[in-house]
Q: 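If you scroll down you'll find the structure; I have some questions about it.
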Number of protein chains: 2
Amino acid sequence: MQEKPRTRKGRRPTMVDVAREAGVALRTVSRVVNDDATVGAELVERVRSAIAALDYRPDERARHLRLGVTGTLGAAVRQLSHVNPVLRAVERAARAAGLMVLAASTEDDEKIERHVVESMCRRRFDGILLEPIGADHGYLVPELAAGLSLVAVDRPVLGLEVDCVLSDNVAGIETAFAHLVAHGHRRIAYIGDDERIYTAQERATAFRACLRAQGGAADAMIHTGPIQRERIHHALESALSGPDPATAVITGNATLSVETVRWFRDHADDVAIVGFDDSELATLLRPDLTVVAQDDAAIGDTAITMLRTRIADPATPVRKVTVPVTLQARGSGETPPKRT
Amino acid sequence: MQEKPRTRKGRRPTMVDVAREAGVALRTVSRVVNDDATVGAELVERVRSAIAALDYRPDERARHLRLGVTGTLGAAVRQLSHVNPVLRAVERAARAAGLMVLAASTEDDEKIERHVVESMCRRRFDGILLEPIGADHGYLVPELAAGLSLVAVDRPVLGLEVDCVLSDNVAGIETAFAHLVAHGHRRIAYIGDDERIYTAQERATAFRACLRAQGGAADAMIHTGPIQRERIHHALESALSGPDPATAVITGNATLSVETVRWFRDHADDVAIVGFDDSELATLLRPDLTVVAQDDAAIGDTAITMLRTRIADPATPVRKVTVPVTLQARGSGETPPKRT
DNA sequence: CGGTATCGGGATAACGTTATCTCAATCGGC
DNA sequence: GCCGATTGAGATAACGTTATCCCGATACCG
C-alpha cells in the first residue's frame, strides 16, 4: 500500500509535487511558501494541506542557489571541543538576526583551517567568522577579492587588512601588573605561551613594558615558550628561586594558570597569582583565582555586528575593535608578598 | 582598469565564464574540475589557467543540488561553548571520511533544537548527529520518514526508534561503587543531576541497584535534582551529617564533581570521591580526582560509522551501541573511610 | 457601455552545476 | 584502404527553487 502515491518514489517531494497535489501552478506554491500576499485564501488553504499531506520541506540548496544568499554564517574556531564561550555569544547574536551559524574546528592546524574556510566559501556562506592561526593567510586573498565577508576574532589575520575584534591584551597585563604592585609586590614573574602566537606575543610585550616602566630590566622574570608541562614547571622553578625570587606570578592564559596552580600545589603556597582568561576552575582553587577576564558576550556581539555590516556593504572600511577586559579579584592576587 | 573583464561584473565567475575564457565547452570545464580522465592534456592546461586567471571557485550549492548529496554532516549538540570532547572525535572521523561536520548548539532548549535540526534538514545535510534533549521529538517523525539519517549521542531519542550510541552508565556507577567498597567504604552517597535527564536517571537507578545489592536501603544516601549550588551543598550537608554519615561520595557528572569539591574544600577533607565524567580539572585537585571516564574517541568514531552506514543504506536495522567506560584511579577515590 | 486599472495566478526563464546523448576524429586490424 | 572500436569534446537537459513576464478575469471610472 503506497501511502503517498503522488510523489515520485524514493524522492523527497518538491514544489512540483505539491503543485500537482493541490492542482495549482508551481509558482503559486512558491508564493504560498514565501507568504506572498497575492494568493487567494482558498488556494492558500489547498496548497497548505497539500504541503502537509506530502510532508513537503523546501530544499534550501535550490533556494540559496536561486537567491544567491544562504543566510548562513560559518565559524571556524580553534577548538569546538574546548571551552569556547565566545561562540555561544556568537550563536545567540546570529540567531537573533535570523542567521544560522555553523561551526567547525581548525584544531590550530594550517591545513585544516584552510580546508574548513575554503569549504565554507564553496558553500557560499554569507560570511565567515575566523579565529585565525598564526600562519600565512595568502589563500584568503582571492576569496576576499571575490567578495568573502570575514571577521577575525581574538587574533588578527597576519599580513591582511581584515576586520577583527580583539581583547585588550595590553590593558589586561597592565591591570594585572598594577594590581599586584598595589598589593606590595615588586618582583613579579610572567609565564607565557609561545610568542609566535599573536596574543601571547602581545601579552609578553606588554609585560616587558610594565617591567621597564617599573625600572627593573630583569629578563629573568619573563618566561615564554610552548605549553609543555616540563617547560612551565622549570620556568616557575627558576622564577621562584635564586637570590631575588618572584613573590607573584602572572600567567598568560588559562592552560598556563592550570599548570602553574598544579605546580604551586606541591611546591609553593605563598605566591600571588593573577591569571589571564577566566575559566570554570578559577573558583575551584584555594584561594580562588584572580583573573583578567575577557568579555565573551561583547566579543561575540561585536563580531556578528561587524560581519553583518560587511555583508551588507562590502565596501565598509576595515575596522579593528578592541574589547575591554576586566580584573576579577578573587583572592589569589590579593595576598601580600611573603617575607624574604 | 578592469582586471578581469571576462566575468560579469559583481558576480563570482562560474563555469560558463571559465569556458568562455578557455574557449572550450562548459562540459569540458566540469570534466577538468572533476578530474575526468577523458580530457586532453592541452585542454586541461587551458582550462586550468583560465580557472586561475578568473579565481574560479565551484559553487557547492549548485553541485549539491545537482548531485542530490551534500557531503555534509550536521552536529546538533547541547553546547558548543562548553567542554565537548566527543565532538572532536566526530570531526576527526568525519574528516577522515571526506565529510564535513558543521555544528550548532541546541542550548538544551526544545525550540532551538528543533530549529537547528530542521534547518539542517532543509539544507539537506546527508546526516545529523544529535545530542537530544529530554523532550518529545515528534517533529522528527516526518523527517525520518522522508529519509533523514540520524544518530543520537549520549542520550536516546525519547519514544523514537533511532540509532544511538551511549556510554555504559550502569557499568560506570557499578565500577565506582565497587571501587569505593573495595577501599573499605560502606556508606556511600550519590549526588546526581535532575532525573528527568536520561543519563542522570540511568545513573541514579544504577546507584539504587548497587545500594540494594549491598543490602542497605538508605534512600538518604541518594540525592538527585537540578544543578543549583544550594541544592547540591545542602545535599552534601545532609549526606555527611547525622548518625550515619557517608564516608564516600559518587558525583553524577562533571559539574556536580566541581561543586562537590568546592564544598569539600571548605567543609570536609577526608571524604572519598569518585566523579562521573573526566575533565581537565580532575588532575588539579588535591588529591587528584578519581573519575569514571567515558571513551570520547570511541563514541565519536562509533557515531560517525553508524551515521555513514545509515546514509549508505537507510534500511539498516536500528542499532543501539553502548560504549564502555573506564575508571581512572587518581587518589580521591582510594582513601580509606575516616574513623567514626 | 467601452476602456483601463487591479488582482490572481500560470508559463517560462534563470541560478550553477553534472549527466546523458551525440558526433567528429583518430586508431588499429585485416 | 575500409570499417568498427575508441576517444575527446560539445549540445542539451535536468536538479528544485524564485523572478520576470504575461494573460485572463473582475472592478471601476468616465
Side-chain angles (χ1 to χ4, degrees), chain A residues 7-8 10-48 50-51 54-72 121-126 146-147, chain B residues 7-8 10-48 50-51 54-72 121-126 146-147:
Chain A
T7 307
R8 279 162 305 172
R11 272 202 158 68
R12 297 182 92 120
T14 74
M15 280 193 168
V16 177
D17 300 312
V18 175
R20 197 184 318 124
E21 169 84 8
V24 299
L26 171 59
R27 184 66 181 92
T28 304
V29 178
S30 171
R31 279 192 257 256
V32 171
V33 169
N34 295 310
D35 292 320
D36 190 318
T38 70
V39 184
E42 186 217 354
L43 277 198
V44 169
E45 192 40 51
R46 280 227 317 266
V47 172
R48 286 261 155 77
I51 287 176
L54 266 57
D55 270 334
Y56 164 75
R57 306 294 150 117
D59 186 330
E60 293 282 336
R61 294 173 298 188
R63 189 148 189 283
H64 294 336
L65 175 61
R66 179 64 235 240
L67 255 45
V69 160
T70 58
T72 311
C121 285
R122 282 197 306 272
R123 284 175 169 77
R124 298 291 190 268
F125 283 6
D126 293 345
Chain B
T7 306
R8 277 162 306 172
R11 271 202 159 67
R12 297 181 92 118
T14 76
M15 281 194 169
V16 177
D17 300 312
V18 175
R20 196 183 319 122
E21 170 84 8
V24 300
L26 170 60
R27 183 67 182 93
T28 303
V29 178
S30 171
R31 275 191 262 256
V32 171
V33 169
N34 294 310
D35 292 320
D36 189 319
T38 70
V39 184
E42 187 218 353
L43 277 198
V44 169
E45 192 39 52
R46 279 225 318 265
V47 171
R48 285 260 156 78
I51 287 177
L54 268 61
D55 271 334
Y56 164 74
R57 305 295 149 114
D59 186 330
E60 293 283 335
R61 294 173 298 189
R63 192 153 186 279
H64 295 336
L65 176 61
R66 178 64 235 237
L67 256 42
V69 160
T70 57
T72 311
C121 286
R122 281 198 307 270
R123 284 174 168 78
R124 297 293 189 267
F125 283 8
D126 293 345

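Note on naming: letters A, B, ... go to the chains in the order of the sequence lines (proteins, then strands), and numbering restarts at 1 for each one.
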Q: Let me know the distance between CZ of R63(A) and C1' of dT17(D), rounded to the nearest Å.
A: 9 Å

Q: Tell me: NE2 of H64(A) to C1' of dG16(D), nearest whole Å?
A: 13 Å

Q: What distance do R63(B) atom CZ and L65(A) atom CG have between them, rounded to the nearest 0.5 Å?
A: 14.0 Å

Q: In whole angstrom, what separates Y56(B)'s OH from dG16(C)'s P?
A: 10 Å

Q: Would you indicate which nucleotide in dA9(D), dT17(D), dG9(C) comes nearest to any side-chain atom of L43(A)?
A: dG9(C)

Q: Excluding sequence neighbours, so at least two apart, what forms side chain to side chain donor-acceptor pair (under 3.5 Å) with T70(B)?
A: D126(B)

Q: Mind calculating the distance between CD1 (I51(A)) and C1' (dT17(D)) to the nearest angstrom?
A: 13 Å

Q: Taking side chain to side chain contact (heavy atoms under 4.5 Å, CB included) as the test, write out the residues that go with A50(B), two or more places apart.
A: V18(B), E21(B), A22(B)

Q: Can a side-chain donor-acceptor contact be found between R123(B) and T72(A) if the only test is distance below 3.5 angstrom?
A: yes

Q: Could you check whether the side chain of R66(A) and the base of dT18(D) have a donor-acceptor pair of N or O atoms closer than 3.5 Å, going by distance alone?
A: yes

Q: Please name all residues satisfying side chain to side chain donor-acceptor pair (under 3.5 Å) with R27(B), sequence neighbours left out, ordered by chain then number.
A: S30(B)

Q: Give every pair of a protein N or O atom and an N or O atom of nucleotides 22-27 of chain C that lie under 3.5 Å apart, one pair per line with the distance.
A:
none

Q: Quickly work out the R20(B) CZ to dG10(D) C1' distance and round it to whole Å.
A: 16 Å

Q: R66(B): which residues meet the salt bridge (charged side-chain N to carboxylate O under 4.0 Å, His left out) condition with it, sequence neighbours left out?
A: none

Q: Of all of residues 22-33 of chain B, which get a heavy atom below 4.0 angstrom from DNA chain D, listed by number?
A: V24(B), A25(B), R27(B), T28(B), R31(B)

Q: Rounding to an integer number of Å, can you tell me how far L67(B) CG sits from dC15(C) P?
A: 21 Å

Q: Report the residues that fulfil salt bridge (charged side-chain N to carboxylate O under 4.0 Å, His left out) with R61(B), sequence neighbours left out, ordered by chain and then residue number.
A: D59(B)

Q: Kindly point out which of dT17(D), dG16(C), dA19(C) is positioned nearest to the side chain of M15(A)?
A: dT17(D)

Q: Not counting sequence neighbours, which residues clear side chain to side chain contact (heavy atoms under 4.5 Å, CB included) with L26(B)? List them please.
A: M15(B), V16(B)

Q: Provide, to the nearest angstrom, the distance between the CZ atom belonging to R61(A) and the C1' atom belonging to dT17(C).
A: 12 Å

Q: Starting from the first five and the last five pairs of the helix from dC1(C)-dG30(D) to dC30(C)-dG1(D), work out the angle between the resulting helix axes, to 10 degrees.
A: 50°

Q: Partners of R124(B) by side chain to side chain donor-acceptor pair (under 3.5 Å), sequence neighbours excluded?
A: none

Q: Just jot down the side chain to side chain contact (heavy atoms under 4.5 Å, CB included) partners of V44(B), sequence neighbours excluded, or say none.
A: V32(B), V39(B), R48(B)

Q: For the pair made of CZ in R12(B) and P in dT17(C), what is the distance, rounded to whole Å?
A: 11 Å

Q: With sequence neighbours excluded, what pairs up with R57(A) under the side chain to side chain donor-acceptor pair (under 3.5 Å) test?
A: E143(B)

